[in-house]
There are 2 protein chains.
Amino acid sequence: MKIRSQPSTRRAEALSRDRIVDAAIEILDADGDSGLTFRALGARLQTGSGAIYWHVADRQALLDTATDHVIASVMEKGVEGAPPDAIRTIALGVFDAIEAHSWIGTHLTRAPWQIAMIRIVEGLGVQIQQLGVPAEAQFDAWSTLINYILGVAGQNAANGRALPPGTDRSQSLSAMVDRWARNNSKPLPFLESIAKQLVEHDDRAQFLAGVDLILRGIDRNLP
Amino acid sequence: MKIRSQPSTRRAEALSRDRIVDAAIEILDADGDSGLTFRALGARLQTGSGAIYWHVADRQALLDTATDHVIASVMEKGVEGAPPDAIRTIALGVFDAIEAHSWIGTHLTRAPWQIAMIRIVEGLGVQIQQLGVPAEAQFDAWSTLINYILGVAGQNAANGRALPPGTDRSQSLSAMVDRWARNNSKPLPFLESIAKQLVEHDDRAQFLAGVDLILRGIDRNLP
DNA sequence: ACCTAGATGGAACGCCGTTCCATAGGCGTC
DNA sequence: GACGCCTATGGAACGGCGTTCCATCTAGGT
């Protein structure tokens, strides 16, 4: 890839960074992270990988851009409400984006300081300031919240990979719990005690419970 | 890979699952996740990939086993101290293991419900029970803590990949902060306000601060 | 001494990301 | 209108990956 000097739409149906990113998102949504190959992209855009590389540095940059495309739309809708609610809104926005496009969870956790990440961490940081957290405690509060969100993002993506669409989630979780029970080389009292919740819980509500727990840790006076 | 029926060391210098795992860990420590290939493993063990596949199902299973090998030794040293300290000890044990073998962070966050993960989540769960968390709050407390730890694990690994050994961390972080300042298509007030801490903070202490914050969120009466 | 099942190791397969390169397209210049 | 020239194209080629295949070897049991 070279640096483009002029925008120039010289040909009809010209290949462009935007068309490539749109196609990439379609492929990612349909076939997940591993489905996005330059060959698949070439087939969809009726071109070769060489032409794509003229517009895009490499696969990682393409994923950065695709991820940012989705995250930007989440972060740009103004955040209303008091800071704690604003934090919940942002966090849920990211969560919903990941649920809708599970490849985002994978990429967000893999590539540090990509554009999408900067958007998220800055947005949450500002809300933490506005929450009235003392300056010296802001960094701790922020990094805890970010790491929690990225942890959930990564686990959601990993689970999505392990149980591809169509799998019955509660059924395969039950099967896993049963496997423990049989393979009990060591007893797993805690996991057995929460097995029911593990199978039945709602991921989104669970995620929000974690955000609330962390908000309580940030400020003990919060609800 | 087939199921082995007898242990049988029929040849001297026999290939074995254990020798393979040990070699894999050496390669992973030296060259990271991407350095572990069946060709590299074959070269080190003076054999071919076919022989390795007879002992190991696939690359993922090998990583599961290698990860568990390290994590088991962390989790097996008995946990002393009152529950909140025990939780800190376990969390720091995992953190230190990841710092020492950065590939663990990558694999732990990628493969859900692998053996190593079960060890960690059960160990932390038991401590949460012993902390005296009411039964109905245990699942939230546990999942928040786990996701935070996995988030840190993933970010640590991602940073390690972005700045391979030998890179001056604070220098490249400073460079990144400078790049923001120049590229300020949008202002980043929060990131600028914490830029200094971002460059200077100690990862381990920061991780522990997050654990403590979450412990406070779990029980407001904790220190 | 032979048979057989457990083990072995290297070749082959089908992918992947990336690079290379011969060529096409359309604009500025004459 | 002809001619360059630089942008842009697409397909071939490269090196590497995980995995599978298979001909072969080895050591115990008979």
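So that the names make sense, note that chain A is the first sequence line, chain B the second, and so on, each numbered from 1.
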Participant: Quick one: Ile20(A) CD1 to dG10(D) C1', roughly how many Å, whole number?
Facilitator: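 From Ile20(A) CD1 to dG10(D) C1': 12 Å.
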Participant: If you check every side-chain atom of Trp54(B), which of dA7(C), dT9(D), dG9(C) has the closest atom?
Facilitator: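 The answer is dA7(C), which lies nearest to the side chain.
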Participant: For DNA chain C, whose closest nucleotide is more 5', that of Gln46(B) or that of Ser34(A)?
Facilitator: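 On the 5' side of the pair lies Gln46(B).
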Participant: Starting from C1' on dA12(D), measure out to CZ on Arg39(A) and report it in whole angstrom.
Facilitator: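 In whole Å, dA12(D) C1' lies 10 Å from Arg39(A) CZ.
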Participant: Please report, rounded to the nearest Å, how far the P atom of dT9(D) is from the CZ atom of Arg17(A).
Facilitator: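 Going from Arg17(A) (CZ) to dT9(D) (P), I get 14 Å.
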Participant: Please report the distance, rounded to the nearest Å, between CZ in Arg59(B) and P in dC16(C).
Facilitator: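 That distance rounds to 17 Å.
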Participant: Rounded to whole Å, please give me the gap between CG in Leu45(B) and P in dG10(C).
Facilitator: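 Rounding to the nearest Å, CG of Leu45(B) and P of dG10(C) are 13 Å apart.
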Participant: Under 6.0 Å between ring centres, would you say that holds for Tyr148(A) and Tyr148(B)?
Facilitator: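 No.
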Participant: Could you check how far CG of Leu15(A) sits from P of dG10(D), rounded to whole Å?
Facilitator: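 For the pair Leu15(A) CG and dG10(D) P, the rounded distance is 7 Å.
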Participant: Determine, stepwise, if the pair Glu122(B) / Lys186(A) fulfils salt bridge (charged side-chain N to carboxylate O under 4.0 Å, His left out).
Facilitator: CA-CA 10 Å; Glu122(B) 171 69 22; Lys186(A) 289 205 173 184; over 6 Å; no
Participant: Identify the residue among Gln197(B), Gln206(B), His201(B) that makes a side-chain hydrogen bond (donor to acceptor under 3.5 Å, both in side chains) with Asp140(A).
Facilitator: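 In the set Gln197(B), Gln206(B), His201(B), the residue that makes a side-chain hydrogen bond (donor to acceptor under 3.5 Å, both in side chains) with Asp140(A) is Gln206(B).
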Participant: Does the distance from a Lys or Arg side-chain N to an Asp or Glu carboxylate O, for Asp33(A) and Arg161(A), drop under 4.0 Å?
Facilitator: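 Not counted as a salt bridge, because no side-chain N and carboxylate O are separated by less than 4.0 Å.
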Participant: Quick check for you: among dT18(C), dA11(C), dG9(C), whose closest atom lies nearest to any side-chain atom of Ser49(B)?
Facilitator: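 It is dA11(C).
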Participant: Have a look at Leu41(B) and say if it touches a base, only the backbone sugar-phosphate, or nothing, with a 4.0 Å heavy-atom cut-off.
Facilitator: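 If one applies the 4.0 Å heavy-atom cut-off, Leu41(B) turns out to touch nothing in the nucleic acid.
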Participant: Kindly point out which of dT9(D), dT8(C), dT19(D) is positioned nearest to the side chain of Asp58(B)?
Facilitator: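 For Asp58(B), the side-chain atoms sit closest to dT19(D).
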Participant: Does His55(A) make a side-chain N or O approach to OP1 or OP2 of dT7(D) shorter than 4.0 Å?
Facilitator: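 Answer is no, no contact under 4.0 Å.
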Participant: Could you tell me whether the side chain of Arg204(A) reaches within less than 4.5 Å of the side chain of Asp96(A), counting heavy atoms only?
Facilitator: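 With C-beta onward as the side chain, the pair touches.
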Participant: For the pair made of CZ in Phe38(B) and P in dC15(C), what is the distance, rounded to whole Å?
Facilitator: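 Those two atoms, CZ and P, are 19 Å apart.
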Participant: Rounding to an integer number of Å, can you tell me how far Tyr53(B) OH sits from dG18(D) C1'?
Facilitator: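 Those two atoms, OH and C1', are 5 Å apart.
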